[in-house]
Amino acid sequence: MTAADPRTALARVWWGLLALVVGAAVLIDLVRTVDGAGSATPVIRYLSYFTIQSNLLVVAAAATLARDPDRDGRGWRVLRLDALLGITVTGLVYAVVLAPTIHLHGLSWWTNVAMHYVSPVATLLGWLLLGPRPRITGGTVLAALAWPLAYAGYTLAHGAVTGWYPYPFLDAGVLGHATALQNLGFVVLLALVFLVLFRALDRALPTTDRRAEVLSAG
């Protein structure tokens with residue numbers, strides 16, 4: 001691809017703006033959360049949200065794509081897929097489960113829109129329109145599963161020790177361990193479904209990176 005390629009130019013602007021908007025939202029939200037805190041607990045809890053981790057992955061992936069819209073590499077593929085996975089699940093779960101119970105104003109409203117609506121839509125739409133593709137192999141899917149599984153284990157362990165859970169539908173203290181595990185299992189299953197779907201789409205959609213070699217099956 002040449003520097004004058006319209007897709008490359010659009011991709012740099014798209015990913016650059018996404019990284020700036022989402023990065024600013026996360027930073028503002030973090031500062032407001034920890035303002036006046038006398039311990040590390042608010043920071044730990046803030047970073048324990050799946051939403052925050054997903055948006056941080058989006059910022060990392062988008063920032064690298066703004067520099068090179070055809071970015072590649074084994075580790076980067078996992079980062080990119082986890083960002084796509086995490087923010088898609090974040091947007092879907094928020095819209096269906098959490099949005100009806102949350103009413104925000106001011107800066108909180110802005111950061112919420114940036115992380116729960118702009119980030120999921122822009123990330124997914126950008127991937128569909130701009131790629132880069134092909135990038136997802138079976139090995140990439142397996143490696144990408146490590147993060148959601150680790151998050152599930154961490155959330156349960158952290159909640160068992162502190163009694164604090166990041167989301168109401170995971171609160172074992174209120175719902176009971178069986179219901180909380182069932183809800184968490186559903187989220188993990190949803191993540192697996194999306195991983196398989198993204199791999200299928202990565203193969204079916206047009207190649208965007210003319211420098212890339214066609215990935216072998218598996």
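Just so it is clear, the values below take in all heavy atoms, side chains as well, and ignore hydrogens, waters and symmetry mates. From a predicted model like this one, the values you see are computed outputs, not experimental measurements.
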Correct closest heavy-atom pair for Pro69 and Arg7 would be O-NH1, 4.2 Å
Linking I/L/V/M/F/W/Y whenever any side-chain heavy atoms sit under 4.5 Å apart, do Leu30 and Trp109 land together?
yes
Assess, by modelled atom type and distance only, whether the side chains of Thr140 and Arg135 contain a donor and an acceptor separated by less than 3.5 Å.
no
Euclidean distance, Thr208 OG1 relative to Leu130 CG, rounded to 0.5 Å
8.0 Å
Is there side-chain contact between Val58 and Pro120, with at least one heavy-atom pair below 4.5 Å?
no
Please assess Arg12 against Asp68 for the test side chain to side chain contact (heavy atoms under 4.5 Å, CB included), listing each intermediate value before the final yes or no.
CA-CA 7 Å; Arg12 285 182 174 142; Asp68 180 8; 5.6 Å; no
Linked, directly or transitively: Leu197 and Leu142 (ILVMFWY side chains, under 4.5 Å):
no
Consider only side-chain N and O atoms of Tyr151 and Ser48, and report whether a donor and an acceptor are under 3.5 Å apart.
no
Distance-only check: which donor-acceptor pairs under 3.5 Å involve side-chain atoms of residues 178-188, not counting sequence neighbours?
unit_1: Asn183; atom_1: ND2; unit_2: Phe169; atom_2: O; d: 2.8
unit_1: Asn183; atom_1: ND2; unit_2: Thr179; atom_2: O; d: 3.4

Is the closest side-chain heavy-atom distance between Ile136 and Arg203 below 4.5 Å?
no
To the closest 0.5 Å, what do you measure between CG (Asp29) and CD1 (Ile52)?
5.5 Å
Hey, what do you get for CE (Met115) to OG1 (Thr51), rounding to the nearest 0.5 Å?
7.5 Å
For Val13, the other hydrophobic cluster members (4.5 Å side-chain criterion, sorted by chain and number) are Leu17
Rounded to the nearest 0.5 Å, what separates atom CG in Leu85 from atom OG in Ser54?
7.5 Å
Under the 3.5 angstrom rule, does the side chain of Thr207 hit a backbone N or O of Arg133 as a donor-acceptor pair?
no
Decide whether Val78 and Leu149 are clustered together by the hydrophobic rule: side chain heavy atoms of Ile, Leu, Val, Met, Phe, Trp, Tyr closer than 4.5 Å, transitively.
no
Below 4.5 Å, heavy atoms only, C-beta onward: do Tyr46 and Thr41 meet side chain to side chain?
no
Take Leu47 and Leu56 through the side chain to side chain contact (heavy atoms under 4.5 Å, CB included) test and state the conclusion after the steps.
CA-CA 10 Å; Leu47 296 176; Leu56 288 174; 4.2 Å; yes
All heavy atoms of Arg80 vs all of Ala61, minimum pair found to be CD-CB, 4.2 Å
Quick check on the hydrophobic clustering: are Leu92 and Tyr117 connected, directly or via other members, by side-chain heavy-atom contacts under 4.5 Å?
yes
Give the table of side-chain donor-acceptor pairs shorter than 3.5 Å for residues 121-128, with sequence neighbours excluded, one pair per line with atom names and distance.
unit_1: Thr123; atom_1: OG1; unit_2: Ser119; atom_2: O; d: 2.7

Might you point out which heavy atoms bring Thr111 and Ser108 nearest each other, and give the distance in Å?
OG1-O, 3.1 Å
Sorted by chain and residue number, the side-chain hydrogen bond (donor to acceptor under 3.5 Å, both in side chains) partners of Thr88 (sequence neighbours excluded) come out as none
Trp15 meets the ring pair (Phe, Tyr, Trp, His ring centres under 6.0 Å) criterion, sequence neighbours left out, with none
Please work out which of the three classes, parallel, tilted or perpendicular, describes the rings of Tyr49 and Trp164, given edges at 30° and 60°.
perpendicular
Enter the distance from Ile87:CD1 to Gln53:CD here, rounded to the nearest 0.5 Å.
11.5 Å
Check step by step if side chain to side chain contact (heavy atoms under 4.5 Å, CB included) holds for Phe194 and Leu189.
CA-CA 9 Å; Phe194 274 122; Leu189 178 61; over 6 Å; no
Return the minimal non-hydrogen interatomic distance between Ala172 and Tyr165, and the atom names on each side.
CB-OH, 3.4 Å
Under 4.5 Å between side-chain heavy atoms, hopping through other hydrophobics if needed: is there a path connecting Leu84 to Leu201?
yes
Looking only at heavy atoms, which two atoms of Val141 and Leu81 are closest? And how far apart?
CA-CD2, 4.0 Å
Looking only at heavy atoms, which two atoms of Thr155 and Pro166 are closest? And how far apart?
CG2-CD, 3.8 Å
Checking Arg32 against Ile28 for the side chain to side chain contact (heavy atoms under 4.5 Å, CB included) test, could you report, in this order, the C-alpha distance in whole Å, the side-chain angles of both residues, the deciding distance, and whether it holds?
CA-CA 6 Å; Arg32 287 165 57 84; Ile28 291 171; 3.8 Å; yes
Aromatic contact, Phe50 with Trp147 (centres under 6.0 Å)
yes
Quiz: residues 93-102 side-chain donor-acceptor pairs under 3.5 angstrom, not counting sequence neighbours:
unit_1: Tyr94; atom_1: OH; unit_2: Asn112; atom_2: OD1; d: 3.3
unit_1: Tyr94; atom_1: OH; unit_2: Asn112; atom_2: ND2; d: 2.9
unit_1: Thr101; atom_1: OG1; unit_2: Leu98; atom_2: O; d: 2.8

